[in-house]
Amino acid sequence: MIEFFQQYFPNVIDLKDDIISSTYETLYMVAATSLFSAIFGILLGVIMVVIDEGGILENKWLYSILGKIINLFRSIPFIILIAAVVPLTRLITGTSIGMNAAIVPLVIGIVPFYARQIQNALLEVDPGIIEAAQSMGSGPIEIIFRVYLKEGLTGIIRASSVTVINLIGLTTMAGAIGSGGLGSLAINKGYNRFQSDITIVATILILILVFICQFIGDYFTKKSTH
């Protein structure tokens, strides 16, 4: 096995510490961004549902404004978004490069996408259940937690899985401009140095992360289906 790696993946042996470090950086960026995105994305998604036409807190004016803002940020290519929010990134983290700096544009880029996914998931909740809750005197907060979030759990898990997989792809793009992670490893130490074995291994590790996220998402989706 060692001879095989030395023959076909010679640079992998030499840079194994960098590979381990880059994998950790990718996991860190995905985990931290997922945490912030879950908070803001679910909050924004819920707001969009309840203020929509026919919602329990209908507000067409606010819905129109939020909808346009979300669509605006979803339309900006991520590589451009990274550059555009550099001043904000420096203000928050004190730097524009590195793992922590990458989290700022990653959150800004993924929250609008996730919010729309959450909105679509919650819109699948049976309106009859919502009407029944209202007729029993449940207030907006009760309906949000006991009806929307509870009944829409399967859709939320599915949306979260899709979002995390999309997020892994964004971290590789952020890696191309100095955030670290497997994307940076593949570009800076693989492609730019003509070390194709490094690029291949980084790609395989990214695919493994995607498959793991997909498996976990499918597992919990089946568990929550009722």
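If you're wondering where the values come from, they're calculated on a predicted model, not measured in any experiment.
For the atom pair CG (L27) and CG (L182), the distance works out to 7.5 Å, reported to the nearest 0.5 Å. Expressed to the nearest 0.5 Å, how far CG of L153 lies from OG of S224 amounts to 5.0 Å. Within the model, atoms CZ of F40 and CD1 of I108 stand 10.5 Å from one another, a figure rounded to the nearest 0.5 Å. Note that CE of M173 is 10.0 Å distant from CG of L106, once rounded to the nearest 0.5 Å. If you take CD1 on I208 and OG1 on T203, they are separated by 11.0 Å, rounding to the nearest 0.5 Å. How far CD1 of I187 is from OG1 of T199: 7.0 Å, rounded to the nearest 0.5 Å.
Taking every heavy atom of both residues into account, A115 and I70 meet most closely at CB-CD1, 4.5 Å. Taking each heavy atom of A174 and A102 in turn, the nearest pair found is CB-CB, 4.4 Å. Considering every non-hydrogen atom in both I103 and F36, the closest pair reads CG2-CD1, 4.3 Å. Taking both residues in full, the closest heavy atoms of Q195 and K189 are given as OE1-O, 2.7 Å, listed atom of the first, atom of the second, then distance. Annotation for V164 and S34: closest pair CG2-OG, 3.9 Å, computed over non-hydrogen atoms. Annotation for A202 and A186: closest pair CB-CB, 3.8 Å, computed over non-hydrogen atoms.
Side chains of Y28 and N100: a donor on one and an acceptor on the other come within 3.5 Å. A donor-acceptor contact under 3.5 angstrom links the side chains of K68 and S64, judged on distance only. Side chains of D218 and Q214: a donor-acceptor N/O pair is present below 3.5 angstrom, by distance only.
No side-chain heavy atom of R158 sits less than 4.5 Å from a side-chain heavy atom of Q117. Considering only heavy atoms from C-beta on, V50 stays 4.5 Å or farther from P140 through its side chain. Proximity of L185 to T26: side-chain heavy atoms (C-beta onward) are nowhere separated by under 4.5 Å. Within the 4.5 Å cutoff, the side chain of S37 has no heavy atoms near those of the T163 side chain. Contact annotation: the side chain of I47 approaches that of L43 to within less than 4.5 Å [non-hydrogen atoms, C-beta and beyond]. The side-chain heavy atoms of Y114 and V162, taken from C-beta on, include no pair separated by under 4.5 Å. Between E53 and Y63, every side-chain heavy-atom pair lies at or beyond the 4.5 Å cut-off. In this structure, D126 and I129 have side chains that are in contact, with non-hydrogen atoms separated by less than 4.5 Å.
Residue I157 is grouped with residue Y219 when hydrophobic side chains (ILVMFWY) are merged at heavy-atom distances under 4.5 angstrom, including chains of intermediate members. Hydrophobic clustering keeps L207 apart from I20 (ILVMFWY residues linked when any side-chain heavy atoms are closer than 4.5 Å, directly or through intermediates). Residues I39 and L170 fall into different hydrophobic clusters, defined by Ile, Leu, Val, Met, Phe, Trp and Tyr side chains chained together at heavy-atom separations under 4.5 Å. Placement of F211 and V30 in two distinct hydrophobic clusters is found when ILVMFWY residues are connected by side-chain heavy-atom separations under 4.5 Å, directly or transitively.
A side-chain donor-acceptor contact under 3.5 Å links S135 to the backbone of A132. Distance alone, capped at 3.5 Å, is enough to place a donor-acceptor pair between the T33 side chain and the M29 backbone. No donor-acceptor pair under 3.5 Å is formed between the side chain of D52 and the backbone N or O of G55. Remark: the backbone N or O of G54 is paired with a side-chain donor or acceptor of E58 at under 3.5 angstrom. Counting only distance, with no hydrogens or angles, the side chain of T172 and the backbone of G183 share no donor-acceptor pair below 3.5 Å.
Annotation: side chain to side chain contact (heavy atoms under 4.5 Å, CB included) contacts of I130 (sequence neighbours excluded): I56, V125, Q134, I143, V147, Y148.
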Please tabulate, for side-chain N and O atoms in residues 72-93, each donor-acceptor pair with protein atoms closer than 3.5 Å (sequence neighbours left out).
residue : atom : partner : partner atom : Å
S75     : OG   : N71     : O            : 2.6
T89     : OG1  : V85     : O            : 2.9
T93     : OG1  : T89     : O            : 2.7
T93     : OG1  : T95     : N            : 3.4
T93     : OG1  : T95     : O            : 2.8

### Task
Begin with the C-alpha distance, continue with both residues' side-chain angles, and end with the deciding distance and a verdict on side chain to side chain contact (heavy atoms under 4.5 Å, CB included) for I118 and V49.
CA-CA 9 Å; I118 293 297; V49 170; over 6 Å; no
